[in-house]
Amino acid sequence: MASNSLTITDNRTATNYNLPIENGTIRAMDLRKIKTGPDDFGLMTYDPAFMNTASCHSKITFIDGDRGILRYRGYPIEVLAEHCTFLEVAYLLLFGDLPTSDELKTWVDEITHHTMLHETTKKFMEGFRHDAHPMAMLVSTVAALSTVYPESKKIQDPANRLLQIKRLIGKMPSIAAMSYRHSLGFPYTYPDNDLSYPENFMNMLWRMVEPKYVANPVIARALDILFILHADHEQNCSANAMRAVGSAQTDPYLSTAAAAAALAGPLHGGANEAVLVMLDEIGTKANIPAYIKKVKEGHGKLMGFGHRVYKNYDPRAKIIKWTAEKVFAVTGGNPKLDIALELERIALEDEYFVTRKLYPNVDFYSGIIYQAMGFKPEMFTVLFAIPRTAGWLAQWQEMLTDPEQKIARPRQVYTGHEVREFVPAEKRAPLLAMAR
Ligand code: SDX
C-alpha cells in the first residue's frame, strides 16, 4: 500500500478506501467515491470560510505562519524590502524571476507610460460627493476602466492580458491620487514621467502650484517599502475574490474591482483605518487596560492584531516598525505610536491574546506611518490596494493559466425546508406566528 496515502473506513458500509496524499492534501473529489449505495452523491468536505481548504496550487507567495516567514517567489520579504523597488517586486510576482537591469528599465518605462487616465475618468470621479470614501471611489473607478478598455475581455490572449496588467499597475496610483484630491477639493495633478513610481504618486497627491514636484527621498523610499510589503499574501480574502471572479472569465478591471471591494472590509485591508479609529478611541496610554478588558469581554476586537495564518509575529509588522522610525525622523513623531507600542506591550503579555496567538499584523503600524505622512485614515486602504494590485494580477494570471482551474462554484449543505405545499396569500399565517 502506498505510504503516501490515507485509508478511510466507512463504518456505514464497512468499506475501506485508499486516498493518495499529495502535498499534504487529499483531493476532495476523491471523497465522492465514499458512498452508501449507487444513488448516494458521495462525501464532501464542509469547511466554512475555507479554514482548512487549499483552493489552488500556487508558486507566487509562501507563508509559514508559525515561523513568521513570508517569501515572494522564494525571496524573503526582508531581502526584497531592503534591496528592491516595488516595480521590481511587481515584476517578480508576475513573471516569477527578478528582472535584469535592462528588463527592469523596460518594465519601469512601460508602467510609467500607462499612468495617464482617460479624461472621462475625471468626469466620472467628479460625480462622487465631496465626502465619498476614497476606497469606494477606487473600486468604482477601476470597474469603470472596463468600459474604457473593452478589449480586456480577451483574457485568453497573453499579450492582451499583459497590456491590461501594465495599465492597472500604472493607473492605480493615478486613481488613488485623484480620489484623494477630490476629497480635498483640489484640482487633479497629471503624472510626471520623470519621476519614479512612488515619487510620481507623491507628485499626483501633493503637488500644488510649483512647476516641478520634488519628493522627499525618505518618504518616497518608505512608500516603496510599504508597497513591497503589501504586494501579495497568497490566498487572502481579496486574492480569493480575484480568483473567483476571474474564474468566470470576467475582465481584469471588473475582477480587480471585486478584489478591492473585498480588501475594503475592516477585517481585511480596512483594518489599518480601523486601527487609527481604535487608537483615537483609546486616547491615552492610561485608557489601554480598560479597552483591553472590553475586548476580552467580547466587545470588539483589537484591530491590527491577529491573523488567519500568522500565529507568530507578522514579519511585515517588524519592517514597518523599522520604516516608521525613518519616516518620523522626517515628519516628526506620531503621538499615536506611543499608545500603539504600549498596547502591543500589554497585549503580548496578556494570556487572552497569547493563548489565541494574536500578534500585531501588517495593519497595526502601517496606519500610524501613513498618518504621519499626511494621509487621512480613509486613504489607508487605498494605499494597500495600490501595491496589492500586482499580487491580485499575479494570482489572476496564475489561475487563468492553471489547467486544473475552472469556474469557481462551491457546493453547500442544504439545511432548509423539505418540499412544502403552496398556500394562497389569503390563507397564509403571519410570519411572526409561524416563527413561534
Ligand atoms: C489582513 O489573510 C491575509 O493574508 C490578510 C492580510 C493580507 O496581507 O492580505 O494579511 C491583510 O487582512 C491582516 C488582518 C487585518 N485584520 C485585522 O487586524 C482585524 C482584527 N483581526 C481579526 O478580525 C482576526 O484576527 C482576523 C480576521 C485577522 C483573523 O480571523 P480568524 O483567523 O478567522 O480568527 P478568529 O476570528 O476565528 O479568531 C480566533 C479567536 C477568537 O476568539 P474565540 O472565539 O476563540 O474566543 O481569536 C479572537 C477571536 O475572537 N480574535 C481576536 C482578534 N482576532 C481574533 N480577539 C481580539 N482582537 C482580535 N484582533
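All ligand and atom numbering here is 1-based and tracks the order in the structure. Positions are given from 1 along the sequence. Below, each value reflects all heavy atoms present in this structure, side chains not excepted, and no hydrogens, waters or symmetry copies.
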Does some non-hydrogen atom of the protein lie less than 4.0 angstrom from atom 16 (N) of ligand 1?
yes

May I ask you to check whether D251 and S146 show a side-chain donor-acceptor distance below 3.5 Å?
yes

Strictly by side chain to side chain donor-acceptor pair (under 3.5 Å), give each pair with a member in residues 58-81 just once, sequence neighbours left out.
S58-E398, T61-D232, D64-R67

Would you mind listing which atoms of ligand 1 come within a distance below 4.0 Å of any non-hydrogen atom of A271?
15 (C), 16 (N), 17 (C), 18 (O)

Check whether any protein heavy atom sits under 4.0 Å from atom 39 (C) of ligand 1.
no

Is at least one protein non-hydrogen atom found at under 4.0 angstrom from atom 3 (C) of ligand 1?
yes

Please check if atom CG in N52 has more than 12 non-hydrogen atoms from other residues, nucleotides or ligands closer than 6.0 Å.
no

Close-contact set for ligand 1 against G306 heavy atoms, below 4.0 Å
25 (O), 28 (C)

So side chain to side chain donor-acceptor pair (under 3.5 Å) across residues 339-350, not counting sequence neighbours, yields K296-D350, Y313-E344, K321-E344, E342-R345, E344-Y365, R345-E349

Less than 4.0 Å from atom 50 (O) of ligand 1, is there any heavy atom belonging to the protein?
yes

Scan the protein's non-hydrogen atoms and note whether one is under 4.0 Å from atom 58 (N) of ligand 1.
yes

So do the side chains of P252 and I155 get within less than 4.5 Å of each other, counting heavy atoms only?
yes

Any W396 side-chain heavy atom under 4.5 Å of R243 side chain:
no

Closest non-hydrogen atom pair between V354 and A347, with its separation
CG2-O, 4.5 Å

With a heavy-atom distance limit of 4.0 Å, tell me whether R356 approaches ligand 1 through its side chain, its backbone, both, or neither.
side chain

Within a distance under 4.0 Å of any heavy atom of L302, pick out the atoms of ligand 1 and give their elements.
57 (C), 58 (N), 59 (C), 60 (N)

Heavy-atom protein neighbour under 4.0 angstrom from atom 12 (O) of ligand 1:
yes

Below 4.0 Å, non-hydrogen atoms only: which portion of K296 touches ligand 1? Side chain, backbone, both or neither.
neither

Going by the atom numbers of ligand 1, which of them fall below 4.0 Å from some non-hydrogen atom of N236?
2 (O), 3 (C), 4 (O), 5 (C), 9 (O)

Could you check whether T381 and N272, counting side-chain N and O atoms only, form a donor-acceptor pair closer than 3.5 Å?
yes

V309 near ligand 1 by a heavy-atom separation under 4.0 Å
no

Return yes when Y352 approaches ligand 1 closer than 4.0 angstrom through a heavy atom, no otherwise.
yes

Minimal non-hydrogen separation, I8 against L19, with atom names:
CD1-CD1, 3.5 Å

Interfacing atoms of ligand 1 (cut-off 4.0 Å, heavy-atom, L267):
12 (O), 14 (C), 15 (C), 16 (N), 17 (C), 23 (O), 27 (C)

Minimal non-hydrogen separation, N312 against G68, with atom names
CB-N, 4.3 Å

If you round to the nearest 0.5 Å, how far is CE of M373 from CG of L383?
8.5 Å

Are E110 and K105 close enough for a salt bridge, meaning some N to O gap below 4.0 Å?
no

For V295, take its heavy atoms, then give the atoms of ligand 1 lying under 4.0 Å from any of them.
57 (C)

Report the member of H307, R388, M303 with the shortest heavy-atom distance to atom 7 (C) of ligand 1.
R388

Distance below 4.0 Å between atom 42 (O) of ligand 1 and any protein heavy atom?
yes

Could you tell me, atom by atom, which parts of ligand 1 come under 4.0 Å of a heavy atom of G304?
17 (C), 18 (O)

ring-ring contact (aromatic ring centres under 6.0 Å, His included) between Y310 and H233, worked out
CA-CA 11 Å; Y310 290 125; H233 214 239; 5.2 Å; yes

Could you identify the single nearest non-hydrogen protein atom to atom 33 (O) of ligand 1 and state the distance to 0.1 Å?
R308 NH2, 2.8 Å

What I want to know is whether N361 and ligand 1 share at least one N or O pair that is separated by under 3.5 angstrom.
yes

Given the rule in the salt bridge (Lys or Arg N to Asp or Glu O under 4.0 Å) test, do K336 and D280 qualify, once you have shown the distances and angles that lead to the verdict?
CA-CA 8 Å; K336 293 198 177 62; D280 279 337; 3.1 Å; yes

Within 6.0 angstrom of Y46 OH, more than 12 heavy atoms from elsewhere
no

Return a yes/no value for F305: is any of its N or O atoms, backbone included, closer than 3.5 angstrom to an N or O of ligand 1?
yes

Heavy atoms only: which of Q235, H268, M278, K301 is nearest to atom 22 (C) of ligand 1?
K301

Quick test: of every protein heavy atom, which one is nearest to atom 54 (N) of ligand 1, and how far off is it to 0.1 Å?
L358 CD2, 3.7 Å

Side chain, backbone, both or neither: the part of I63 lying under 4.0 Å from ligand 1 by heavy atom:
neither

